[in-house]
Amino acid sequence: MVYISTRRQLGTRPEKIELEGKTFSFVTGQRGYMSAIYKSEHAYLRIGEERKIAPDLALHRKMEVAGFPVARLLGEGELDGQKYFIESSLGEKHLGELFADDIELHGAIGEGLFESLVSVAEKFSEAQLTTLVEERNFDDFARGIWIDRLCEEMPAHASKLKERFEEVKRNTHSIPFVVTHGDFNPNNLYPTGVIDLEDSFHAPYGYDLISAITHIDSFPDSHEFEYFAKYRFTPDQVRHYLGRLDRISVANNLPKLSTLLEDFSFCRAVWLAADIPATPKLQQFRYQLVIDRYLT
């Protein structure tokens, strides 16, 4: 029998859900509680309004078929008027946590663990190249990285932000658009694959891949901030990562990914700086990072 247990105080989301013989515990709500994520021992449940769950499920299926290293779908259905699907767990700790553990224990990210990042990125990139779209919609890309939102938040720098994005468009004019994760970073990556696909959109090939290696740049070292860097990549690791992905680009008659590092890292920094009022110290740090590194 399917039933919902004790209600949470947050919205109307239950603390636990019993479904298909598993007990799922609440993890987090998404998009104003249009949907929520629950976790069991070896699986995740995504449940919510059909207008949110249906496209998420369709995207997950599409990415599975294309060979993306995503979690395996285990089931789907309807519960109390809401749609859901269940996916397998990819592990107990994501790469961000594993990197932090290595830094704490050994002072550096081990070669074997770093190879996990490179391997997942390679598999992801090869799958992306099977999803090329004819239309190169930079307006969609701009919305995906929230550059208009950041222009509103930083009006004194809005013109320079727009100019820098126009430069990105010129520099990536020969790059095909592909299915893009949108938040491809070690906190969403596991040694065996990728999670959290719901914010995907179409963007130039390479944006996700650069995001994975530059995401941590938008976190300060100081513990005085709401969130701070718990690991860093060495210059050699960055060069190795880019070199491996450059080979894939060249093999597909595309410019080397390393030549687009500054363009895509700017786009990533914009996405990370926009719309984070709940962390004002980090917000100001990221505003200044964008100004100092990309606008001066």
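This is a predicted model, so every value here is computed, not measured.
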Rounded distance [0.5 Å steps], CG in Asp208 versus SG in Cys267: 11.5 Å
Counting distance only, does the side-chain N/O of Arg268 pair as donor-acceptor with the main-chain N or O of Ile210 below 3.5 Å? no
SB check Lys281 Glu226 (cutoff 4.0 Å): no
Output the distance between atom OG1 (Thr234) and atom CZ (Phe114), rounded to the nearest 0.5 Å. 7.0 Å
Answer with yes or no after comparing the ring centroid distance for Phe228 and His223 against a 6.0 Å cut-off, counting only values under it. yes
Return yes if some donor-acceptor pair links the side-chain N/O of Tyr38 with the main-chain N/O of Pro14 below 3.5 Å, else return no. yes
Report the C-alpha separation of Lys16 and Ser25 in whole Å, then their side-chain angles, then the decisive distance to 0.1 Å, and conclude whether the side chain to side chain donor-acceptor pair (under 3.5 Å) test is met. CA-CA 5 Å; Lys16 295 183 183 295; Ser25 299; 2.9 Å; yes
Aromatic ring proximity, centroids under 6.0 angstrom, Phe177 and Phe138: yes
Please check this pair: side chain of Glu64 against backbone of Arg72, looking for a donor-acceptor N/O pair closer than 3.5 Å. no
Shortest non-hydrogen separation from His181 to Asn188 and the atoms involved: CE1-ND2, 3.8 Å
Hey, is Glu262 close enough to Arg293 for a salt bridge, meaning N to O under 4.0 Å? yes
Using salt bridge (Lys or Arg N to Asp or Glu O under 4.0 Å), reason through Glu49 and Lys52 one step at a time and then give a plain yes or no. CA-CA 6 Å; Glu49 298 178 22; Lys52 175 69 171 68; over 6 Å; no
Let me confirm one number: the OH-CZ distance from Tyr207 to Phe201, rounded to the nearest 0.5 Å. 5.5 Å
Would you call the rings of Phe141 and Phe165 parallel, tilted or perpendicular, where under 30° means parallel and over 60° means perpendicular? tilted
When every non-hydrogen atom of Tyr294 is compared with those of Ala269, the smallest separation belongs to CE1-CB, 3.8 Å
Side-chain heavy-atom pair Leu254, Pro176 within 4.5 angstrom cut-off: yes
Steps toward ring pair (Phe, Tyr, Trp, His ring centres under 6.0 Å) verdict (Tyr44, Phe24): CA-CA 8 Å; Tyr44 281 89; Phe24 293 90; 8.7 Å; no
Would you please test Arg143 and Asp139 for salt bridge (Lys or Arg N to Asp or Glu O under 4.0 Å) and show each step? CA-CA 6 Å; Arg143 285 189 292 271; Asp139 290 338; 5.3 Å; no
Tell me whether Ser222 contacts the main-chain N or O of Glu224 through its side chain, where contact means a donor paired with an acceptor under 3.5 Å. yes
Donor-acceptor pair, side chain of Glu50 and main chain of Gln82, under 3.5 angstrom: no
If I take atom CG from residue Leu282 and atom CD1 from residue Ile276, how far apart are they, to the nearest 0.5 angstrom? 4.5 Å
Value rounded to 0.5 Å, distance of CD in Gln284 from CD in Gln288: 8.5 Å
Quick one: does Lys230's side chain get under 4.5 Å of Phe99's, heavy atoms only? no
Scanning both residues in full, the closest heavy-atom pair of Lys83 with Ile53 reads O-CG1, 3.6 Å
Verdict with supporting geometry, Arg164 and Glu167, salt bridge (Lys or Arg N to Asp or Glu O under 4.0 Å): CA-CA 5 Å; Arg164 185 64 183 88; Glu167 186 178 351; 3.7 Å; yes
Assess the pair Phe124 and Phe68: is the distance between their ring centroids shorter than 6.0 Å? yes
Quick one, Lys256 and Val250 - any side-chain contact, counting heavy atoms below 4.5 Å? yes
Would you sort out whether Glu92 and Lys39 count as a salt bridge (Lys or Arg N to Asp or Glu O under 4.0 Å), showing the intermediate values? CA-CA 11 Å; Glu92 287 300 313; Lys39 182 181 180 181; 3.7 Å; yes
Tell me if the centroids of the rings in Phe219 and Phe285 come within less than 6.0 Å of each other. no
